[in-house]
Amino acid sequence: MLWPLFFLVTAAHAQLCKPDGENAFKVRLSIKTALGEKSYTWDTNEEYLFKAMVAFSMRKVPNRESTEISNVLLCNVTQRVSFWFVVTDSTKNHTLPAMEVQSAIRMNRNRINNAFFLTDQTLEFLQIPSTLAPPTHPTVPVWIIIFGVIFCIVIVAITLLILSGIRRRRRRSQEPCEVEDAEDKCDTAIALENGIPCDSLDTKEGCVNDAFVTEGERLTPL
């Protein structure tokens with residue numbers, strides 16, 4: 001007596017869950033690509049876990065708190081780990097709207113991925129767009145970072161002003177000494193002519209050569 005009932009249930013499930021069926025979603029997993037040598041085999045236990053995660057997600061939706069694991073149907077499971085699934089209502093007579101299932105999956109996408117150690121790229125819901133990664137919040141508040149940058153700029157500017165002022169003072173203090181040294185050198189300079197040191201000439205008063213002065217000129221003042 002139970003065999004006919006089993007076949008009826010199976011036939012009903014086949015009508016509800018089929019490729020490209022109404023409110024059906026295709027899932028594709030890349031376990032070996034994601035985990036490499038640590039990859040696991042997809043079996044009935046993994047299917048049960050997937051159904052449990054979908055049912056868990058649906059129970060987060062308002063008015064769907066009564067969703068059970070048995071309401072999640074899988075079909076067309078392939079060895080390369082791809083399959084279709086639908087979520088039925090409590091009476092299992094029809095499938096739930098695709099928008100409700102999509103919203104539930106998107107809200108709990110990270111929980112589903114973590115359950116299978118996969119990501120949006122290795123656990124794909126082909127009819128459901130990938131969720132965006134949550135924005136990262138810096139551990140340090142933004143205003144502290146901005147204040148630190150401005151403070152560093154001010155410190156550098158003040159340091160440069162102080163260094164430039166010190167350099168200017170040193171240059172000004174060195175200039176008078178150089179001028180005085182140059183004047184002293186000019187005053188004490190001795191002209192050399194034919195290897196004989198001579199006193200510098202006074203260009204204003206001139207210089208009298210005694211060899212060309214007559215006896216009268218020596219005695220008669222100008």
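We number each residue from 1, following the sequence as shown. Keep in mind that this is a model prediction, so the values were computed, not measured.
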For residues 40-57, dump all side-chain donor-acceptor pairs below 3.5 Å to protein atoms at least two apart in sequence or in another chain.
from, atom 1, to, atom 2, distance (Å)
Y40, OH, F116, O, 2.9
D43, OD1, N45, N, 3.2
D43, OD1, E46, N, 3.1
S57, OG, M53, O, 2.9

Exercise. Answer whether the closest heavy-atom distance between the side chains of F83 and N76 falls below 4.5 Å.
Key: no
Quiz prompt | Donor-acceptor pair, side chain of T159 and main chain of I155, under 3.5 angstrom | solution = yes
Quiz item: Is S39 reaching over with its side chain to a backbone N or O of I31, donor-acceptor style, under 3.5 angstrom?
Solution: no
Practice problem: Kindly say whether the aromatic ring centers of F25 and F125 come within a distance under 6.0 Å. | Solution: no
Quiz item: Which pairs, with at least one residue in residues 56-80 and sequence neighbours excluded, count as a salt bridge (Lys or Arg N to Asp or Glu O under 4.0 Å)?
Solution: R59-E68, R64-E100
Quiz item: Do the side chain of N71 and the main chain of D89 share a donor and acceptor less than 3.5 angstrom apart?
Solution: yes
Quiz item: Atom CD1 in I69, atom CE in M58: separation rounded to 0.5 Å?
Solution: 14.0 Å
Quiz item: Considering the options I162, L160, L161, which one meets the side chain to side chain contact (heavy atoms under 4.5 Å, CB included) requirement together with I158?
Solution: I162
Quiz item: Can you tell me how far the OG1 atom of T78 sits from the CG atom of L29, to the nearest 0.5 Å?
Solution: 9.5 Å
Practice problem: Of all the heavy-atom pairs spanning C17 and L73, show the shortest one and how long it is. | Solution: SG-O, 3.8 Å
Practice problem: Could you tell me which non-hydrogen atom of A24 sits nearest to which non-hydrogen atom of W84, and how far apart they are? | Solution: CB-CE3, 3.8 Å
Self-check item: Spatial distance of atom OG1 (T119) from atom CG (N113) [nearest 0.5 Å]
Solution: 6.5 Å
Quiz item: How long is the span from the CG atom in D120 to the CZ atom in R109, to the nearest 0.5 Å?
Solution: 4.0 Å
Quiz item: Of the non-hydrogen atoms in L35 and F117, which two are nearest, and what is the gap between them?
Solution: CD2-O, 3.6 Å
Exercise. Check whether any side-chain N or O of N23 sits under 3.5 Å from a backbone N or O of A98 as a donor-acceptor pair, and report yes or no.
Key: yes
Quiz item: Under a 4.5 Å side-chain heavy-atom rule over Ile, Leu, Val, Met, Phe, Trp and Tyr, are V142 and F151 clustered together?
Solution: no
Practice problem: Supply the atom-to-atom distance R168 CZ to R171 CZ, rounded to the nearest 0.5 angstrom. | Solution: 8.5 Å
Quiz item: So V27 and E124, side-chain contact (heavy atoms from CB on, under 4.5 Å) or not? Walk me through it.
Solution: CA-CA 6 Å; V27 179; E124 301 175 87; over 6 Å; no
Quiz item: If you take all heavy atoms of K26 and Q127, which pair is closest and at what distance?
Solution: N-OE1, 2.8 Å
Quiz item: Can you name the nearest heavy-atom pair linking N108 to A104, along with the distance?
Solution: ND2-O, 3.0 Å
Practice problem: Evaluate the side-chain proximity of I112 to I105: yes if any heavy-atom separation is below 4.5 Å, no if none is. | Solution: yes
Self-check item: Worked check of side-chain contact (heavy atoms from CB on, under 4.5 Å) between T88 and L96
Solution: CA-CA 5 Å; T88 64; L96 296 181; over 6 Å; no
Quiz item: Can F147 and V149 be said to form a side-chain contact (heavy atoms from CB on, under 4.5 Å), step by step?
Solution: CA-CA 6 Å; F147 175 78; V149 172; over 6 Å; no
